[in-house]
Amino acid sequence: MALVAGLRAFGAKWPSWLRRSPWAPLSAGFCSPGSARPAGPESEPRLTSTRQQDGIRNIVLSNPRRRNALSLAMLKSLRSDILHEAESEDLKVIIISAEGPVFSSGHDLKELTGAQGRDYHTEVFQTCSEVMMLIRNHPVPIVAMVNGLATAAGCQLVASCDIAVASDKSSFATPGVNVGLFCSTPAVALGRAVPRKVALEMLFTGEPISAQEALRHGLISKVVPEEQLEEETRRIAKKIASLSRSVVALGKATFYKQLPQDLSTAYFLASQAMVDNLALKDGQEGIEAFIQKRKPVWFH
């Protein structure tokens with residue numbers, strides 16, 4: 001339950017969804033392959049759509065009329081989809097994409113007026129922070145597939161994902177300063193993804209950068225023509241899905257754990273992880289398969 005432990009370290013006052021077993025089936029109506037998500041009259045609006053097949057879960061931001069704004073309802077839908085059966089061995093990788101020409105315009109500014117009040121604003125930003133931390137602490141890799149504009153918390157979402165593939169028509173910005181709301185929470189993820197001076201220029205000016213600039217500075221992993229975006233993203237996801245879930249999960253957790261440490265501590269943590277990796281069934285299976293010149297048969 002490293003994910004829950006990591007979230008508790010955030011120091012927030014957690015709602016009931018996290019106090020219960022975090023991977024219990026959610027009541028939001030998760031989609032099986034080829035099915036539609038039900039929405040009961042009393043349920044919160046579902047602003048994402050989800051499919052899962054061959055170990056790959058596709059989560060789609062599905063509110064293009066509102067530029068896929070990360071409203072509180074959108075954040076809760078996204079959180080639910082990320083949490084759903086996260087420990088299932090059938091899940092190997094998650095892709096987050098969006099409908100329409102805007103990946104996400106960030107928070108819904110209509111929710112951030114004085115009429116909603118401080119408590120509501122606190123819930124919005126706490127929920128957003130939870131979602132970003134869920135991505136980082138999730139046991140499987142999470143890939144952003146970006147086609148279009150990603151601004152403010154939308155840019156934060158891209159920066160929080162483990163891998164990000166973007167079309168050449170995409171652009172990225174943290175323009176909150178232009179409307180008097182500095183992008184302080186997007187800066188957490190952005191400042192960990194790109195050099196400090198690049199992040200600060202984006203934050204201080206609000207000006208967008210192109211997909212090629214984002215690639216050069218490390219915000220995204222790859223830029224491809226729009227018509228190749230889905231194919232390339234799925235190629236990466238299928239490769240990950242073909243590997244051992246337990247090995248990848250250990251590797252992801254270790255990478256982020258050692259990253260902020262000094263060199264000596266980082267090597268200590270990574271060395272322990274290598275030993276732990278060798279103790280996994282899949283660790284031994286992979287080595288034996290290599291020696292025997294055969295394809296490994298993963299347990300997980």
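- The number of heavy-atom neighbours closer than 6.0 Å to CZ of F268, taken from other residues, nucleotides and ligands shown, is 12 or below.
- Atom-to-atom distance recorded for D54:CG and S242:OG is 11.5 Å, nearest 0.5 angstrom.
- Under a hydrophobic clustering in which Ile, Leu, Val, Met, Phe, Trp and Tyr are joined whenever their side-chain heavy atoms come within less than 4.5 Å, directly or via other members, L72 and F125 fall into the same cluster.
- Residues L47 and I82 share a single hydrophobic cluster, defined by chaining ILVMFWY side chains whose heavy atoms lie under 4.5 Å apart.
- Listed for the T254 side chain is no donor-acceptor partner under 3.5 Å among the backbone atoms of G251.
- Take D119 and apply the side chain to side chain donor-acceptor pair (under 3.5 Å) test, not counting sequence neighbours, and it matches no residue.
- Interatomic distance, L109 CG to S71 OG, rounded to the nearest 0.5 Å: 11.5 Å.
- Evaluation of the salt bridge (Lys or Arg N to Asp or Glu O under 4.0 Å) test over residues 186-197, restricted to residues two or more places apart or in two chains, returns none.
- Contact between A153 and M132 at its shortest, heavy atoms only, is O-CE, 4.0 Å.
- When atom types are taken as modelled, the side chain of S170 and the backbone of S167 share a donor-acceptor pair closer than 3.5 angstrom.
- Within the 4.5 Å cutoff, no side-chain heavy atoms of L190 are placed close to those of Q156.
- Residues E232 and M145 are not in side-chain contact: their nearest non-hydrogen atoms beyond the backbone lie 4.5 Å or more apart.
- T127 meets the side chain to side chain donor-acceptor pair (under 3.5 Å) test with no other residue; sequence neighbours excluded.
- Judged by distance alone, the side chain of R57 and the main-chain N or O of D81 form a donor-acceptor pair under 3.5 Å.
- A pairwise comparison of heavy atoms in H138 and L91 identifies CE1-CD2, 3.9 Å as the closest pair.
- Listed by chain and residue number, V194, P195, M202, H217 satisfy the side chain to side chain contact (heavy atoms under 4.5 Å, CB included) test with V198 (two or more places apart in sequence, or in another chain).
- Annotation: side chain to side chain donor-acceptor pair (under 3.5 Å) contacts involving residues 199-211, sequence neighbours excluded, comprise S210-E213.
- For the side chain to side chain contact (heavy atoms under 4.5 Å, CB included) test, residues two or more places apart in sequence or in another chain that qualify with F255 are Q258, L259.
- Atoms CD1 and OG1, on I56 and T233 in that order, are 10.5 Å from each other to the nearest 0.5 Å.
- Side-chain contact between R235 and V165: absent, with no pair of heavy atoms (C-beta onward) separated by less than 4.5 Å.
- Counting all heavy atoms, side chain and backbone alike, C155 lies closest to L219 at SG-CD2, 4.1 Å.
- With rounding to the nearest 0.5 angstrom, the OH atom of Y267 is 12.0 Å from the CG atom of D262.
- Considering all non-hydrogen atoms of both residues, P175 and T151 come closest at CD-CB, 4.0 Å.
- The side chain to side chain donor-acceptor pair (under 3.5 Å) search around E231 returns none, not counting sequence neighbours.
- Within the 3.5 Å criterion, the main-chain N or O of F299 finds a donor-acceptor partner in the side chain of D282.
- For the pair E130 (side chain) and R79 (backbone), a donor-acceptor distance under 3.5 Å is absent.
- Side chains of L61 and L157 form a contact here, defined as non-hydrogen atoms less than 4.5 Å apart.
- By the neighbour-count criterion of 12 heavy atoms within 6.0 Å, atom NZ of K252 is densely surrounded, having more than that number from other residues, nucleotides or ligands.
- Side-chain atoms of S221 come within 3.5 Å of backbone N or O of A164 as a donor-acceptor pair.
- Side-chain contact between V146 and I220 is absent, with no heavy atoms from C-beta onward closer than 4.5 Å.
- For K92 (side chain) and A241 (main-chain N/O), a donor-acceptor pair under 3.5 Å exists by modelled atom type.
- Taking NE2 of H107 as the start and SG of C183 as the end, the distance is 8.5 Å to the nearest 0.5 Å.
- If you chain together hydrophobic residues whose side chains sit under 4.5 Å apart, L134 and I59 fall into the same group.
- Nearest heavy atoms, A150 versus V158: CB-CG2, 4.1 Å.
- The number of heavy-atom neighbours closer than 6.0 Å to OH of Y120, taken from other residues, nucleotides and ligands shown, is above 12.
- A distance of 10.0 Å separates CZ of R66 from CE of M74, quoted to the nearest 0.5 Å.
- In this structure, the side chain to side chain contact (heavy atoms under 4.5 Å, CB included) partners of S184, at least two apart in sequence or on a different chain, are F182.
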For H300 and L280: C-alpha separation, side-chain torsions, deciding distance, then whether side-chain contact (heavy atoms from CB on, under 4.5 Å) applies. CA-CA 10 Å; H300 302 103; L280 296 174; over 6 Å; no

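- With sequence neighbours excluded, the residues forming a side chain to side chain contact (heavy atoms under 4.5 Å, CB included) with T113 are A115, Q116, listed by chain and number.
- In the hydrophobic cluster analysis, where Ile, Leu, Val, Met, Phe, Trp and Tyr join through side-chain heavy atoms closer than 4.5 angstrom, I209 is grouped together with L203.
- Considering all non-hydrogen atoms of both residues, D168 and E226 come closest at OD1-N, 3.6 Å.
- Side chain of R245 to backbone of V140: no donor-acceptor contact under 3.5 angstrom is found.
- Residues satisfying the side chain to side chain donor-acceptor pair (under 3.5 Å) criterion with T185, sequence neighbours excluded, are absent altogether.
- There is a path of hydrophobic side-chain contacts, each under 4.5 Å, that joins V124 to L181.
- A heavy-atom distance below 4.5 Å is found between the side chains of I240 and I163.
- Under a 4.5 Å side-chain heavy-atom criterion applied to ILVMFWY residues, the cluster that includes L278 comprises I287, I291 as well.
- Between the side chain of T122 and the backbone N or O of R118 there is at least one donor-acceptor pair closer than 3.5 Å.
- With hydrogens and angles disregarded, no donor-acceptor distance shorter than 3.5 Å links the side chain of W298 to the backbone of E285.
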For a quick test of your reading: what N or O donor-acceptor pairs under 3.5 Å do the side chains of residues 95-105 make, sequence neighbours left out?
unit_1, atom_1, unit_2, atom_2, d
E99, OE2, S62, OG, 3.2
S104, OG, N68, O, 2.8
S104, OG, G106, N, 3.3
S105, OG, R67, O, 3.3

